[in-house]
2 protein chains.
Amino acid sequence: MVVRQTRQRAEILDLLDDVDEFRSAQQLHEMLRTRGSSIGLATVYRAVQSLAETGEVDSLRTAEGESVYRRCAQRSHHHHLVCRSCGRTVEIDAGQAEAWAGQVAAAHGFDDVDHTIELVGTCATCRAAG
Amino acid sequence: MVVRQTRQRAEILDLLDDVDEFRSAQQLHEMLRTRGSSIGLATVYRAVQSLAETGEVDSLRTAEGESVYRRCAQRSHHHHLVCRSCGRTVEIDAGQAEAWAGQVAAAHGFDDVDHTIELVGTCATCRAAG
DNA sequence: ACTATGATGCGAACGACTCTCAGGAAGGCG
DNA sequence: CGCCTTCCTGAGAGTCGTTCGCATCATAGT
């Protein structure tokens with residue numbers, strides 16, 4: 001057996017289905033506690049990490065260095081355009097940017113190149129709201 | 001007066017001139033101590049932060065969430081291609097990728113878009129070395 | 001030189017995250 | 001259905017990078 005089906009993992013996946021923004025393990029833990037769950041913080045950290053490893057959730061690091069998680073619609077590789085104000089997230093395909101990255105890397109003799117590409121801006125709604 | 005010229009800041013800039021790879025505040029502190037400096041860790045953190053704010057050094061976050069700093073040749077905006085093995089760093093211009101980012105953001109109604117674009121790979125030397 | 005004010009260095013504090021370990025519960029087996 | 005192995009859980013302690021508080025120091029304008 002590889003990954004055991006537990007109440008806690010189910011609770012986390014349920015919660016992530018209800019949330020559209022990237023959330024930290026701490027936020028998820030607090031939200032679950034508020035919902036009446038007795039889940040522990042360490043468990044949230046462990047679950048969210050293993051979910052990220054298997055690709056069931058996406059993770060990235062905020063500018064402050066905190067890891068945040070989100071259940072994305074796209075299961076395949078993609079990137080994000082996040083609103084710095086409300087957290088609204090758009091999943092984007094970065095084919096062009098990745099092609100460019102590959103070229104640049106090859107031009108300098110680099111192999112096995114990983115890329116980090118994330119976009120943060122202010123969405124139309126938040127701009128209108130001031 | 002805005003930024004005072006101190007022995008410690010000078011030591012840090014001198015050190016950064018001698019180093020080509022991105023280094024953490026802790027590493028810089030240890031290197032300075034080894035060189036005989038009596039500089040404090042907090043001072044290194046403070047100096048390196050303000051230098052990053054004024055653009056005198058570049059900073060980025062490692063996958064582990066640690067902040068690392070480097071004095072780059074290019075003073076203008078640029079990105080990095082870093083060797084995951086030896087830390088060798090190439091400064092790259094990401095005009096294409098940035099244009100793409102601007103388009104994608106505009107297409108989704110986002111404004112004031114910041115981008116994070118970093119490339120990590122294995123350089124030719126390290127690949128040859130196995 | 002004199003002084004105002006930013007900078008320093010130390011240790012304590014902080015926050016995100018991980019580890020330890022005893023108890024609990026999946027899930028395969030008979 | 002009950003048993004047993006093994007993995008998972010929860011609480012608290014610990015780790016690690018970073019920041020804060022504060023007394024002292026030193027830079028740079030007068």
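What's counted below: heavy atoms across the whole structure, side chains too, no hydrogens, waters or symmetry copies.
- In this structure, CD of A:Gln27 is placed 10 Å from P of C:dA16, rounded to the nearest angstrom.
- Judged by atom type and distance alone, B:Arg46 reaches the base of C:dG9 through a side-chain donor-acceptor pair under 3.5 Å.
- A:Ser38 comes within 4.0 angstrom of the backbone, heavy atoms only, and of no base.
- When the side-chain nitrogen and oxygen atoms of B:Tyr45 are compared with OP1 and OP2 of D:dT18, one or more of them lie within a distance under 4.0 Å.
- When side chains are defined from C-beta on, B:Arg35 counts as touching B:Asp18, because their heavy atoms get closer than 4.5 Å.
- For B:Ala42, the side-chain atoms get nearest to C:dC10 when compared with the rest of C:dG27, D:dG10, C:dC10.
- Contact annotation: B:Gln8 reaches the phosphate of C:dG9 (side-chain N/O to OP1 or OP2, under 4.0 Å).
- Annotation: of the two residues near DNA chain D, A:Ile39 and B:Ala25, the 5′-most nearest-nucleotide partner is A:Ile39.
- Defined by atom type and a distance below 3.5 Å, a donor-acceptor pair is missing between the side-chain atoms of A:Asp93 and A:His77.
- In summary, the side chains of A:Ser59 and A:Arg70 do not present any donor paired with an acceptor at a separation below 3.5 Å, with no hydrogens or angles considered.
- Under 4.0 angstrom from either OP1 or OP2 of D:dG17 there lies at least one side-chain N or O belonging to B:Gln26.
- If you check distances only, the side chain of B:Arg4 does reach the base of C:dT5 with a donor-acceptor pair under 3.5 Å.
- If you check C:dT8, D:dG10, D:dT18 against the side chain of B:Leu41, the one that comes closest is D:dT18.
- For the OP1/OP2 pair of D:dT18 and a distance below 4.0 Å, the side-chain nitrogens and oxygens of B:Gln49 include no atom meeting the criterion.
- At least one donor-acceptor pair closer than 3.5 Å links the side chain of B:Glu91 to the backbone N or O of B:Gln74.
- If you take CD of A:Glu11 and P of D:dC8, they are 16 Å apart, rounded to a whole angstrom.
- Per the geometry, CZ belonging to A:Arg33 stands 14 Å off P belonging to D:dT9, to the nearest Å.
- Between the CG atom of B:Leu32 and the C1' atom of C:dG9 there is a distance of 14 Å, rounded to whole Å.
- Side chains of B:Ser37 and B:Glu11: a donor-acceptor N/O pair is present below 3.5 angstrom, by distance only.
- Between C:dA7 and B:Thr43, no contact under 4.0 Å exists linking OP1 or OP2 to a side-chain N or O.
- Here the nucleotide nearest the side chain of A:Glu66, chosen from C:dT18, C:dC17, D:dA11, is C:dC17.
- The distance from atom CZ of B:Arg7 to atom P of D:dA26 is 8 Å, rounded to the nearest whole Å.
- The NE2 atom of A:His29 sits 13 Å away from the C1' atom of C:dC17 (whole-angstrom rounding).
- Computed from coordinates, the A:Glu64 CD to D:dT18 P distance equals 13 Å when rounded to whole Å.
- Within the structure, every side-chain polar atom (N or O) of B:Thr6 is placed at least 4.0 Å from both OP1 and OP2 of C:dG6.
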